[in-house]
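Right, one structure below, let's go through it.
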Amino acid sequence: MMDLSWISALAPWLLTRETALLLVGGFVVGIFSVIIGGGFFISIPLLQFLFPSVSYGAIVGNLKVGSFFRGIGSTITNRNEIDWLGNLLWSVPLVIGTVLGVMVIAHLHQRWMLPAIITAIALSELAPWLAKRITKGSFQAASLATGAYAGFLGAGIGIILVALFRLQHPAVERIAHVKIQARFIEWLIGIVAVIAHYFHGNLILALWLVWSVGSFAGGLAGGVLLEKLGAMSGKIQKSVLRLAYLVAIAGALLPFLNWGGGKG
């Protein structure tokens with residue numbers, strides 16, 4: 001007979017304030033990620049506030065599960081345009097780098113979130129500049145570094161992935177194709193990150209399960225809103241994203257205020 005004891009163990013947790021905030025937060029961040037991008041800058045402070053004793057690696061790992069479910073929709077939608085074999089081959093250094101990135105952060109204390117957030121903001125802002133300087137000769141090294149960053153945090157990684165894969169398809173008329181491949185690759189290395197976090201003991205069922213439900217619903221709603229309302233201007237999107245940077249930095253400062261402990 002199937003063991004369903006985990007359900008009874010989980011049930012009391014499902015009625016808490018944290019669960020409601022996770023569900024609503026996942027939904028809001030899901031919409032934000034689809035329309036603006038940079039959802040990690042909002043979700044990290046939320047999880048730090050709700051779970052002050054959880055390690056940096058566990059926060060990132062559980063958020064990666066939500067990102068995985070958010071990415072299912074785009075993969076299903078664009079499945080006929082994805083170069084499955086080619087992307088799997090090109091992803092080898094990305095996958096290796098992702099595993100290495102997860103290994104580095106697996107059990108770090110939340111205090112490490114501050115330098116991580118600052119690094120993520122810098123890379124997010126410099127991504128267009130960096131993208132233009134990736135060459136075919138540096139492709140493998142750039143792929144390994146991109147994978148490591150994906151496991152480390154991954155905010156703004158979509159721009160870098162598009163730059164990488166435009167080296168394979170430089171023609172302007174192939175940009176839409178490249179973006180589809182980049183979204184698939186981002187989802188693929190997200191799966192690898194989730195598996196790596198699982199083996200490091202970073203995934204908490206009661207956390208990622210509720211967060212993923214909210215993220216999936218938010219991803220669907222964000223897609224509908226984007227389709228109906230059209231994309232915001234680049235200026236507005238940048239302003240909102242930079243406001244999210246401030247929220248992320250504020251959240252990263254929480255461990256220094258002695259609001260909670262954590263694993264070292």
Under 4.5 Å between side-chain heavy atoms, hopping through other hydrophobics if needed: is there a path connecting M113 to V104?
-> yes

Would you give the length of the straight line joining atom CG of L100 to atom CD1 of I105, rounded to the nearest 0.5 angstrom?
-> 12.0 Å

Check whether Y198 and F68 end up in the same hydrophobic cluster, where Ile, Leu, Val, Met, Phe, Trp and Tyr are linked by side-chain heavy atoms less than 4.5 Å apart.
-> yes

Do the side chains of F199 and V194 join up, straight or via other hydrophobic residues, at under 4.5 Å, putting them in one cluster?
-> yes

Are the side chains of I44 and I117 in touch, meaning some heavy atoms are under 4.5 Å apart?
-> yes

Specify the closest pair of heavy atoms between N202 and S55, including all atoms of both residues, with the distance to one decimal.
-> OD1-OG, 4.2 Å

With hydrophobic residues grouped by side-chain heavy-atom distances under 4.5 Å, do V213 and L46 end up in a single group?
-> yes

Can you name the side chain to side chain contact (heavy atoms under 4.5 Å, CB included) partners of Y245, sequence neighbours left out?
-> F41, I121, S124, E125, L241, R242

Might you point out which heavy atoms bring A106 and H200 nearest each other, and give the distance in Å?
-> CB-CD2, 3.5 Å

Where do I42 and P45 come nearest, in terms of heavy atoms and distance?
-> O-CD, 3.2 Å

Interatomic distance, Y149 atom OH to I189 atom CD1 [nearest 0.5 angstrom] = 11.0 Å

Would you say the side chain of L50 lies within less than 4.5 Å of the side chain of L207, judging by non-hydrogen atoms?
-> no

For the residue pair L22 and F51, establish whether any side-chain heavy-atom pair is separated by less than 4.5 Å.
-> yes

If every non-hydrogen atom of K64 is compared with every non-hydrogen atom of A193, which pair is closest and at what distance?
-> CD-CB, 4.2 Å

Give, for atom CG of L47 and atom CD1 of I204, the distance between the pair rounded to the nearest 0.5 Å.
-> 8.5 Å

Considering all heavy atoms of both residues, which atom of P93 and which atom of S143 are nearest to each other, and what is their separation?
-> CG-CB, 3.6 Å

Residues that S43 engages under side chain to side chain contact (heavy atoms under 4.5 Å, CB included), provided they are two or more places apart = V29, F40, L63, W211

Hphob cluster co-occupancy, L253 + L243, side-chain heavy atoms under 4.5 angstrom | no

Side-chain heavy-atom pair N62, L203 within 4.5 angstrom cut-off = yes

How many angstroms lie between CZ in F27 and CG in L220, if you round to the nearest 0.5 Å?
-> 9.0 Å

Rounded distance [0.5 Å steps], CZ in F69 versus CH2 in W208 = 5.5 Å

L114 and I118, any side-chain heavy atoms less than 4.5 Å apart = yes

Give, for atom CD1 of I191 and atom CD1 of I195, the distance between the pair rounded to the nearest 0.5 Å.
-> 7.0 Å

